[in-house]
Number of protein chains: 2
Amino acid sequence: MSTKSIYQDRRIRKSKAALKESLIAIMKQKDFKEISITDIVQTADLNRGTFYKHYQYKEELLEEAIDDVIKDLIDSYREPYQEVEVLIVSKLSSSTIKIFDHVEKYSNFYSLLVKSNVLFELQKRICDELKKLVLQDITNQPLQHNINANLIASYQANAIWGMISEWIQSEFIYSAAYMAEQLLAILHLNSAKNTYRET
Amino acid sequence: MSTKSIYQDRRIRKSKAALKESLIAIMKQKDFKEISITDIVQTADLNRGTFYKHYQYKEELLEEAIDDVIKDLIDSYREPYQEVEVLIVSKLSSSTIKIFDHVEKYSNFYSLLVKSNVLFELQKRICDELKKLVLQDITNQPLQHNINANLIASYQANAIWGMISEWIQSEFIYSAAYMAEQLLAILHLNSAKNTYRET
DNA sequence: AGTTCTATTGAACAGATGTGCAATAAGTTC
DNA sequence: GAACTTATTGCACATCTGTTCAATAGAACT
């Protein structure tokens with residue numbers, strides 16, 4: 001049994017890679033909605049049947065192209081926060097803060113997605129992943145006040161993504177450090193506001 | 001000058017209404033991606049050219065169908081929170097809480113959107129609107145701690161939407177009141193966690 | 001090496017797309 | 001009501017879509 005058997009057929013790898021590369025290349029010129037399957041297979045120099053052998057629609061191809069980026073996002077989140085430049089409020093914050101570094105790293109790709117109006121596929125993917133990660137953190141430290149784990153996880157995940165999408169649409173005029181600062185400031189603000197109203 | 005002149009041509013109104021109605025009807029049976037323009041105009045009993053006269057793609061038609069729902073969402077947010085069933089943490093909370101009532105009111109429509117995998121168009125629209133509303137609230141009460149208004153607005157808007165989408169995907173197993181309770185509990189939790197870590 | 005397996009190809013097909021045009025129907029304005 | 005304006009229609013067209021098929025080429029396994 002060779003080690004190659006667990007991987008895909010080399011022909012499949014090559015075809016898929018060519019298709020992804022072509023899609024991203026065309027996305028730099030055309031809006032995603034305007035790109036046809038014929039466009040993709042022509043620049044990839046492949047038969048149209050080859051596309052349909054592996055994918056149903058171009059969105060599915062894009063999804064696979066995003067996979068690598070998502071993997072890095074997860075790594076960023078899991079990576080322990082070493083440099084203590086700013087005051088850390090909680091472990092949740094320290095993890096999510098790292099994500100801004102990841103987005104900055106892939107800012108070109110993210111911008112491309114925004115420009116092509118395919119932000120929403122990405123949005124779902126990212127929020128789903130963030131939610132899973134938050135859920136894992138939550139299960140370690142049991143919840144007070146009868147908080148619903150799924151709800152707070154979605155709350156946190158989408159809140160973070162809200163800041164990220166705002167950042168992307170601003171064409172990255174802020175630094176990752178500034179984004180991290182802002183997240184901390186917002187969490188502090190919630191704290192201050194609540195204690196003010198409660199006393 | 002008649003009062004009708006400011007409104008659309010009656011023919012346009014009728015055509016658009018028929019197209020929207022047909023789209024929603026078909027969406028109850030087919031996945032959004034599988035619905036063709038020909039499908040829509042056939043059930044609407046209109047010429048295909050009529051569709052292209054007003055819209056470019058079916059997504060644009062759907063967007064218009066969502067408009068009415070969005071209008072109600074904005075009304076829900078703006079409506080002052082009268083019934084004090086639960087402890088109100090802040091004015092922001094009291095406004096956002098009303099949104100859960102709105103979503104429950106349109107739960108059938110929201111479920112339909114989720115089922116048809118067109119949640120993302122909706123998501124963008126809603127988060128955009130929520131952000132605007134939050135921004136209006138913020139400008140009234142100036143920010144402390146050098147908080148970036150756009151960032152906190154997106155943070156809040158997407159966080160709320162995160163809970164909403166979680167709610168929808170759970171097929172509305174929770175009541176609107178429970179959702180409101182949970183939002184308050186999450187805000188309280190942030191407060192508690194922060195003060196704990198800071199002292 | 002030879003054998004088996006399967007990805008890719010090219011061709012063909014019905015259906016959908018997006019656009020254009022002249023004819024007609026329906027709306028608006030006075 | 002008459003004149004003007006424009007939405008809708010039916011038809012046609014080239015292109016794209018999604019699928020099927022036999023033929024071929026390439027990869028995997030012994």
Side-chain angles (χ1 to χ4, degrees), chain A residues 1-65 67 116-118 121, chain B residues 1-65 67 116-118 121:
Chain A
M1 183 184 291
S2 75
T3 57
K4 292 177 184 174
S5 56
I6 58 169
Y7 297 109
Q8 275 179 325
D9 191 310
R10 181 191 298 151
R11 292 169 295 182
I12 299 179
R13 285 204 313 271
K14 284 186 178 177
S15 295
K16 284 191 167 186
L19 289 171
K20 283 181 212 169
E21 197 180 344
S22 302
L23 175 62
I24 292 178
I26 303 172
M27 277 173 62
K28 288 174 182 167
Q29 299 157 351
K30 277 192 196 179
D31 193 84
F32 184 75
K33 210 163 247 159
E34 311 300 328
I35 299 174
S36 68
I37 310 293
T38 308
D39 281 340
I40 299 171
V41 294
Q42 270 177 2
T43 55
D45 195 29
L46 288 172
N47 189 277
R48 216 173 62 255
T50 303
F51 176 91
Y52 287 108
K53 178 87 183 185
H54 301 297
Y55 309 101
Q56 291 195 57
Y57 1 81
K58 51 187 178 177
E59 285 84 357
E60 219 171 306
L61 173 60
L62 177 68
E63 198 179 341
E64 232 181 69
D67 277 346
S116 300
N117 290 326
V118 286
E121 281 296 320
Chain B
M1 182 183 294
S2 74
T3 57
K4 293 177 183 175
S5 56
I6 58 168
Y7 297 107
Q8 275 180 324
D9 192 309
R10 181 190 300 154
R11 290 169 295 181
I12 299 179
R13 285 203 313 271
K14 284 188 178 177
S15 295
K16 285 191 168 187
L19 289 171
K20 283 181 214 169
E21 197 180 344
S22 302
L23 174 61
I24 292 177
I26 302 172
M27 276 172 64
K28 289 174 183 167
Q29 298 158 353
K30 276 192 197 180
D31 193 83
F32 184 74
K33 211 162 249 158
E34 311 299 329
I35 298 174
S36 68
I37 311 294
T38 307
D39 281 340
I40 300 170
V41 294
Q42 270 178 0
T43 55
D45 195 28
L46 289 172
N47 190 277
R48 214 173 64 254
T50 303
F51 175 91
Y52 287 108
K53 179 89 185 182
H54 302 298
Y55 309 101
Q56 291 195 57
Y57 1 80
K58 52 185 177 177
E59 284 84 358
E60 220 172 303
L61 172 60
L62 177 68
E63 197 177 342
E64 233 182 69
D67 277 346
S116 300
N117 290 325
V118 285
E121 281 295 323

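Note on naming: letters A, B, ... go to the chains in the order of the sequence lines (proteins, then strands), and numbering restarts at 1 for each one.
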Nearest-neighbour nucleotide for the A:I37 side chain, D:dG18, D:dA7, C:dA7 considered: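 My answer, after comparing the listed nucleotides, is D:dG18.
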
Could you give the [atom1]-to-[atom2] distance, from [X] to [N], as a whole number of Å?
X	N	atom1	atom2	value
B:Y57	D:dC16	OH	C1'	17 Å
A:L19	C:dT9	CG	C1'	14 Å
A:D39	D:dT15	CG	P	13 Å
A:K16	C:dT8	NZ	C1'	15 Å
A:R13	C:dT6	CZ	P	17 Å
B:L46	C:dA26	CG	P	13 Å
B:K58	D:dT17	NZ	C1'	13 Å
B:Y55	C:dG18	OH	C1'	17 Å

Would you confirm whether A:R13, through its side chain, and A:Q8, through its main-chain N or O, come within 3.5 Å as a donor-acceptor pair?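 Yes, A:R13 side chain to A:Q8 backbone: donor-acceptor pair under 3.5 Å.
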
Just by modelled atom types, is the A:F32 backbone N or O under 3.5 Å from a matching donor or acceptor in the A:K58 side chain?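 Checked: pair present.
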
Of A:G49 and B:Q56, whose closest DNA chain C nucleotide lies nearer the 5' terminus?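 The residue closer to the strand's 5' end, by nearest nucleotide, is A:G49.
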
When you check the phosphate oxygens OP1 and OP2 of [N], does a side-chain N or O of [X] lie under 4.0 Å from one of them?
X	N	result
A:T50	C:dT9	yes
B:H54	D:dA7	no
A:Y52	D:dT19	no
A:T38	D:dT17	yes

Indicate the atoms forming the closest heavy-atom contact of A:H54 with A:I12, along with that distance.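 So the two residues come closest at CE1-CG2, 3.6 Å.
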
Between B:L61 and B:K20, what is the shortest heavy-atom contact and its length?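 B:L61 and B:K20 have their closest heavy atoms at CD1-CG, 3.7 Å.
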
If the condition is side chain to side chain contact (heavy atoms under 4.5 Å, CB included), which residues does B:Y57 pass it with, not counting sequence neighbours?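 Only A:K33, A:E34, B:E59, B:E60 meet the side chain to side chain contact (heavy atoms under 4.5 Å, CB included) criterion with B:Y57.
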
I'd like to know if A:R48 reaches the base of D:dG18 with its side chain such that a donor and an acceptor end up less than 3.5 angstrom apart.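 By the distance-only test, yes, there is a pair.
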
Check whether the side chain of A:R11 and the base of D:dA27 form a donor-acceptor pair under 3.5 Å.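 Counting by modelled atom types and ignoring angles, no donor-acceptor contact under 3.5 Å is found here.
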
With heavy atoms under 4.0 Å as the rule, sort B:N47 into base, sugar-phosphate or nothing.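 It contacts base atoms.
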
